[in-house]
Number of protein chains: 2
Amino acid sequence: MTTLHPERPASPSQSATATDELCINTIRTLAMDAVQTAGSGHPGTAMGAAALAYTLWSRYLKHNPANPGWADRDRFVLSPGHASILLYSLLALTGYALPLDELRRFRKWGSLTPGHPERGLTPGVELTTGPLGSGFATAVGMALAERSLAARFNRPGHEIVDHYTYGICSDGDLMEGVASEAASLAGTLRLGKLIFIYDDNGISIEGNTDVVFREDVGARFQAYGWHVQHVDGNDVAAVDAALRASREAFDRPSLIVARTVIAYGSPNKAGTPEAHGTPLGSEEVRLTKRALGWPEDATFYVPEQALTEFRNARDRGRRQESVWQERMASYADAFPEEAEEFRMAMSGELPANWEEALPRFSPTDGAAATRVSSGITLNRLGAVLDGLVGGSADLAPSTNTLQAGKGDFSASTAAGRNLHFGVREHAMGCIANGMAVHGGLIPYCATFFVFSDYMRPAIRLAALMQAKTIFVFTHDSIGVGEDGPTHQPIEQLASLRAMPGLTVVRPADANETAAAWRVAVEREGPTALVLSRQALALIGDPERVRTGVPRGGYVLLDGSPGVPDVVILSTGSEVAVALDAARVLEDRGILARVVSLPSWELFDAQPMAYRDSVLPPSVSARVAVEAASPFGWERYTGTDGEIVALDHFGASGAAAVLYREFGITAEAVGNAAVRSLDRSRRAPASKLNQAVIL
Amino acid sequence: MTTLHPERPASPSQSATATDELCINTIRTLAMDAVQTAGSGHPGTAMGAAALAYTLWSRYLKHNPANPGWADRDRFVLSPGHASILLYSLLALTGYALPLDELRRFRKWGSLTPGHPERGLTPGVELTTGPLGSGFATAVGMALAERSLAARFNRPGHEIVDHYTYGICSDGDLMEGVASEAASLAGTLRLGKLIFIYDDNGISIEGNTDVVFREDVGARFQAYGWHVQHVDGNDVAAVDAALRASREAFDRPSLIVARTVIAYGSPNKAGTPEAHGTPLGSEEVRLTKRALGWPEDATFYVPEQALTEFRNARDRGRRQESVWQERMASYADAFPEEAEEFRMAMSGELPANWEEALPRFSPTDGAAATRVSSGITLNRLGAVLDGLVGGSADLAPSTNTLQAGKGDFSASTAAGRNLHFGVREHAMGCIANGMAVHGGLIPYCATFFVFSDYMRPAIRLAALMQAKTIFVFTHDSIGVGEDGPTHQPIEQLASLRAMPGLTVVRPADANETAAAWRVAVEREGPTALVLSRQALALIGDPERVRTGVPRGGYVLLDGSPGVPDVVILSTGSEVAVALDAARVLEDRGILARVVSLPSWELFDAQPMAYRDSVLPPSVSARVAVEAASPFGWERYTGTDGEIVALDHFGASGAAAVLYREFGITAEAVGNAAVRSLDRSRRAPASKLNQAVIL
């Protein structure tokens, strides 16, 4: 077992040159000053990991500060996002479009230096990190994307895709299950160009990591099939040598276990939990500067010599990118089509007329589960979108997410487009996000809808980053049947609809499903497709469906021209129930409109005039029907409305029995419509007369 | 690396006696028949793991089929819940109150044999399993509970708590991150009475596990500090010896890696993925019976000799329990108070007048974050409720969940009541559930609210099982401030409110917080306490608050007697905003009622008369204010209402700046109230006149 001691002596960086030392201490003091100025933040990790981050950035990381979007740059992931000041310091010092002054605005409203790194906000930040473990797992997806794109585009003598994914991770990252899942898969897939340094400082918020983390991390990663080394994280030469050896271990991902001291240099707080998440205090900052041989009174002090050294990254980066540009030019000469395809892939452009590949289903195709229609659509799209790469968490035969004839992605077959994630939903989501933010691919990933819970943090990060990840969730209701309540989603629809930045689409038939895929491929951010296990007949005119889905909701059926008596709203498999209910009501002389509402997010984004045309404000008699939690439907049903739904968990039994026993039936919807109609016709004055019973 | 081959030959059970063989094949054939009769299900694992399950149940498991609630029984967890028929067979055969006929009703509506095991439904089922990895992690909590209770109640010569936690897990379980988290913690805590058999059949749904799971599982568990053995899972003597050695490795949890063959005995489907999740087919069932030397045409056939052997469990169990009852009687003689305390703990009875320990806060206490008030309440309760055991996912200083003076629970100090879970939210939730379902403890677990996403599957299982787990979630809004959007919950409130069976309470001040804890301790099922990072002043009369919280919502302030003009609804930190808004409105001559609504679930469960008294139907001018997603609030605000909330993610910056910039202010609420009032006063007829714009 590794035994960790916070009190272990901080080894001097004996192997570092004076310039190295100056640069490393520049990072440390900037970190202290920024956190102290902000009044909150995490100085310790940045100080402890400064030497190893510096070694990586100055000697190995291939990047061009002038062009953070360069396709073949190495990717760098700071998985412990709370150490963001480390990354911001490196970006500002090496010359990204992040002024050093922004370090003074650390954690302030409107700054480029928020508490945790945010992709899309700060130039050079590859990934939004902070939720622990997620950065590590997402980096696996980036490395996977590199290998996939290399297999697709490189030609003998023309290596246009050839970069590493580097990362720093913390004990917290490696305690999180998602990192375990991703590490196991990375080992299986032999992602040799993935290199993580584990900042093993032996300290977590509640104290010494011995209390909770006595495992031998190195041995664990060896068991996963990783190349593992142990070094002193303050020893620049040792870190350098370990990085070199990691790059040479091309057949395995690498973990460098680097022993470090949290808040290195602080006389009274180094190696203590107090240095983790609070400013050191102005006196301790002063003492630390003294210990590091730094001017005690200067804040945000960057020695000229250190800045010059850091800024060498600009020249180096320019040269590195120009070498690649030449390689790219020669590739374009030899393979003009592929070069254009590569450009489009990396910029996210879709091929012209790709949408013509979408299937058009007709009644003669028969009823089909939307998961099946989805599989057909995916396969059609796969023929024209080479970037579609994805898979399932060991449920591919059930989620219908296999691209026939496109091969498996494995350690030996990187050109394959079918991924096998294993039973690792959370890592799957993160890995798909990593592929999306890497660029060049349109990743999708799949599992049963109820298990979206396992990957919720990954879905949230996709939404936060607006990563174009397509989440395919099948078996979307009690329609799951016999597998019972552990496998029947109830609250998942509401809980994902509540998430900002995510588009949820629950199609009602095969044509809605094809249209939903179109939405997913066209949109910038993430989309969740929520699909049935059970077969569903076509719900109506294919053209109406195709134009309706992108608007989120549309009138599927009107009992008669003009204003209906009641509006029935529904999604997915329950649209058929709504249609049946309309017929039941017609027999009772009530004119019902049926609205299919596959995506609340898309519908709510429509102009009010359109929304009012679908849901006339004058018609307050409304019923929603969905085999899920009623939560949230009041938005559309209003005060007079009714919701036919499930406010409890499901049960094991045949799907049809469950629908009947739980009252998700046309009769129930019809009765609810009558109740709502009665309520809406009540004179509003009567409401005011209702007694307030105390 | 372990290399697995589905085609490896099935070893004969050479070490088994004829009776053993008969019993094992009884399980295998019942599994086939039940799945075949149901038309769906998972026969393969039950058949492959039959020998090892039989060996465990017949030779080691301490249980009394006549009394599934016996406090000192060994716990058995079938983590791959899809193999439920294995467990049902064992329960029915050994004589639990589960008639063998129920196996014929497998997966049918209303049966005692649902698709996945459900705690509370089937006698002898300890745990609801199916979501992979969760069962494994929950078993860790059971073993932890045993050790905690043993430390608390046992006295020299009086071991009234002394049982094992056994489990079977699958490759899918061990791919899931939650199992990794739990295994690492179990190793750190040296839970020696936890013994898992890994049913290593080399097959998952998408094929050979080699494709996704090439790691050396045994080496990984050794790295966690587990005792690891490898056996042939069909070799009864080898499994027996391994179980014995595991029991003797008292200082470490044990994993027995048992090589098995999925669908053992099936001539054409053994060792193939097809045998995982679908019936074998009637012809293959026949062929398998022939291969096993079974009558080919009999279904659900239980040989008399096998039944007799299985039913020995009843005598054995009766004897085992009576030995324990004698031990308990002698304990009660020597330690009558402890014996009574033990009885109460195991039955979930609370000590008389426990609620008097709840703190009563007054304005002189000053403003305090509800996480701080929660910490005070927890410590007061801890003084009278010895069963309160819990902790945090490495955030105890921030979540205020440390019980001062109650010691740490560690490998060497099992009497301590403060757990350290490490950065492992998902395992934390499962472990807490395991403690709850074990009995004897009132577990709580804590993290930042945004990271409730990591443990959502555990929360769902608590809700499904109605396990009394208390989830403490702090840092509950953009009030988190500088840490930014990765740390600021937005959609978490809505997404948990949508979950059936969970009570969510978001208190608004210190007294609401104390009352919320009372709710959590009194209720049967799980409760989520959602608490602020920032300080909150008392919102009103403590007595009103104390009686109001258990009802979920109550009138906190009325502008005047009688019917208000507008109702402002709020929860948590925004109740203060609502009170300010009421004052703003009063200045404008509008009488506002302020309703504090800490728990929607509790409020919705009140009689309609009460709900109408709080939210008069005649007052349709309503505003809700909450620094979270607006999703779901329409339930209370209705058609005329307004919602002041956040339909986007947060940002990094000072909390006060975020509230201002994002418009969660008294002014915004006041303006919304005026808009809602205008809308409500519009003649309803005008609504009908609204043009439908097409």
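Residue numbering restarts at 1 for every chain, and letters A, B, ... go by the order of the sequence lines. Every value quoted in this text rests on a predicted model; they were computed, and no experiment measured them.
In this structure, A:Y454 and B:H426 have perpendicular ring planes: the angle between them is above 60°, well past the 30° mark.
Across every non-hydrogen atom of A:I490 and B:R460, the tightest pair is N-NH2, 3.6 Å. Of all the heavy atoms in B:A498 and A:S629, the pair that sits closest is O-OG, 3.5 Å. Between A:G422 and B:V212, the closest heavy-atom pair is N-CG1, 3.6 Å. For A:L132 against B:V423, the heavy-atom pair with the smallest separation is CD1-CG1, 3.7 Å. The shortest non-hydrogen separation linking A:W600 to B:F631 is CZ3-CZ, 3.4 Å. Nearest heavy-atom pair, B:E491 versus A:P500, reported as atom, atom and distance to 0.1 Å: OE1-CD, 4.0 Å.
Side chain of B:T486 to backbone of A:P131: no donor-acceptor contact under 3.5 angstrom is found. Of the possible donor and acceptor atoms, none in the side chain of B:D453 sits under 3.5 Å from a partner among the backbone N and O of A:P457. Between the B:D483 side chain and the A:G115 main chain, no donor and acceptor come within less than 3.5 Å of each other. In terms of modelled atom types and a separation under 3.5 Å, the side chain of B:T188 and the main chain of A:R214 share a donor-acceptor contact. No donor-acceptor pair closer than 3.5 Å links the side chain of B:E206 to the backbone N or O of A:P397. Using a distance-only test at 3.5 Å, with no hydrogens or angles considered, a donor-acceptor pair links the side chain of B:T639 to the main chain of A:T639.
When each of A:G638, A:A494, A:A393 is checked for heavy-atom pairs under 4.5 Å with chain B, A:A494 comes out on top. Ranking A:S495, A:G653, A:A654 against chain B, the residue ahead of the rest is A:S495, based on heavy-atom pairs under 4.5 Å. Interface check for chain A: of the options B:V657, B:V211, B:L185, B:L464, the most heavy-atom pairs under 4.5 Å are formed by B:L464. By number of non-hydrogen pairs under 4.5 angstrom with chain B, the leading residue of A:S392, A:S111, A:A38, A:S398 is A:S392. Among the candidates B:G81, B:P273, B:G172, the residue making the largest number of heavy-atom pairs closer than 4.5 Å to chain A is B:G172. Between chain B and the residues A:A219, A:G501, A:P114, the most heavy-atom pairs under 4.5 angstrom are made by A:P114. Here A:E661 is the residue among A:E661, A:R497, A:H648 with the most heavy-atom pairs under 4.5 Å with chain B. Between chain B and the options A:A628, A:G484, A:S184, the largest number of non-hydrogen pairs under 4.5 Å is found for A:S184. Of the listed residues (B:A463, B:G133, B:A427, B:G207), the one with the most heavy-atom contacts under 4.5 Å to chain A is B:A463.
For A:S204, the parts lying near chain B are the backbone and the side chain together; criterion is any non-hydrogen pair under 4.5 Å. Contact of A:P607 with chain B is not made at all, since no heavy-atom distance falls under 4.5 Å. Within the 4.5 angstrom heavy-atom criterion, no atom of B:S410 approaches chain A. The parts of B:A396 that come within reach of chain A are both its backbone and its side chain, each placing non-hydrogen atoms under 4.5 angstrom from that chain. Heavy atoms of A:H82 lying under 4.5 Å from chain B are absent altogether.
The shortest side-chain heavy-atom distance between B:H487 and A:H116 falls under the 4.5 Å cut-off. Within the 4.5 Å cutoff, no side-chain heavy atoms of A:F649 are placed close to those of B:E118. Residues B:M175 and A:E181 have side chains not in contact (no heavy-atom distance under 4.5 Å, counting atoms from C-beta outward). Side-chain contact check for A:F221 versus B:R220: every heavy-atom pair is 4.5 Å or farther apart.
Looking at B:K108 and A:E482, no side-chain N of the basic residue comes within less than 4.0 Å of a carboxylate O on the acidic one, giving no salt bridge.
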